[in-house]
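Structure record follows, encoded as structure tokens.
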Amino acid sequence: MSQKNQTLGEFIIENQTSFKYSSGELSRLINSIRLAAKVVNYEVNKAGLVDILGTAGQINTQGESQQKLDVYAHEKFITMLTNRNIVCGIASEEEEDFMVINSADQKHQNKYVVLIDPLDGSSNIDVNVSVGTIFSIYRRVTPVGAAVTIDDFLQKGTRQVAAGYIIYGTSTMLVYPTGHGVNGFTLNPAIGTFYLSHPNMKFPKKGSIYSVNEGNYIHFPQGIKDYIKHCQKEEDERPYTSRYIGSLVSDFHRNMIKGGIYLYPQSSTYPKGKLRLLYECNPMAFIAEQANGKASDGFHRILDIKPHSLHQRIPFICGSASMVADVENFMKVAAN
Ligand code: AHG
Ligand code: MN
Ligand code: MN
């Protein structure tokens, strides 16, 4: 039974059996993510002090310039998960291909693969605004004993066994669902311990915040344009408030607490949508649904989409259930 002031370490041990496939392996995996989060948090916090700000001078696999902290966070999470030998494969937003993880004595015996967006909202680093990390965990579909293949990574979101995010904000939090709702743990930086601060987080059914990059408005599909006008209309409890940080984790976190919707539809720069199905949309959709929220591409449930490639992008609409349902209605009407 979760209780306030419980540490994340205690919580992991106590809730080991609430995962779909209960095993110490998954608990150890969450534990290493907790450790990597602390290391990255330390670096994010001192980012203004040292020469780690700015771009690393490389373009990542999706053609975006990599910020130094992106690279740092990627390396920290990969090293932590690799050294401890608890996963059989990792895919990261920052790497073109997935990684096969194995050691000589280990012979591909691990069961889980991890997909990760090591640093989300990286354009916000230089201006001291919240960033995050997103992770998604699946059980492999290929038999243990052999190297993982692409099939282990291209699974529908419904097959996730765990997912979560870390938000490096005014305080640092790790948020992830177990069988008993979505729980938020806040880091006490003085002693380096996460405490359960937000048990059983839920999206309010209906919210009054909409989060979208309105600079792209003229390129949005008609249904999204109609929904934005609906948000701005003076009627019932509208107009809604517009809030957009530009870091999915932070926008999602605020909307889950206060009630709201996040939208990243198709735009001229990103005709298929910007966000990545495997590293961003599926894990956030998994968390949203367990917190009574909803996630859609405008027409379909995100978690039901069969991925076709590692870095696939899709339109993403996620938040309070009735607001996402409203968007789907506007999209349907506009399409007819
Ligand atoms: P990342 O930093 O991992 O590339 O992700 C950035 C994503 C998402 O977090 C954010 O909501 C969105 O891109 C912002 O995009 P715009 O700057 O185009 O609004
Ligand atoms: Mn991201
Ligand atoms: Mn990123």
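The first residue of the sequence shown is numbered 1, and numbering continues consecutively from there. Just follow the structure's listing: the first ligand is 1, and inside any ligand the first atom is 1.
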- [ ] Under 2.8 Å from the Mn ion (ligand 2), which protein N, O or S atoms are there? Could you list them by chain and number?
- [x] D117 OD2, D120 OD1, E280 OE2
What do you reckon, are the aromatic ring centroids of [X] and [Y] less than 6.0 Å apart?
{"X": "F185", "Y": "H198", "answer": "no"}
{"X": "F286", "Y": "Y176", "answer": "no"}
{"X": "Y279", "Y": "F135", "answer": "no"}
{"X": "Y264", "Y": "F316", "answer": "no"}

Open item on the list: Check for me, please, whether L8 and V175 land in the same ILVMFWY cluster - side-chain distances under 4.5 Å, paths through other members count.
Closed with: no
TODO: Identify whether the distance between the nearest side-chain nitrogen and carboxylate oxygen of K229 and D226 falls below 4.0 Å.
DONE: no
Task: Side chain to side chain, I12 and S27, heavy atoms closer than 4.5 Å - done: yes
Task: Amino acids contacting ligand 1, non-hydrogen cut-off under 4.0 Å - done: E93, D117, L119, D120, G121, S122, N213, Y244, G246, S247, L248, Y262, Y264, K274, L275, R276, E280
Task: N45, T133, N41 screened by side-chain hydrogen bond (donor to acceptor under 3.5 Å, both in side chains) with Y168, the one that passes - done: T133
- [ ] Report the distance from atom CG of L187 to atom CZ of R34, rounding to the nearest 0.5 Å.
- [x] 10.5 Å
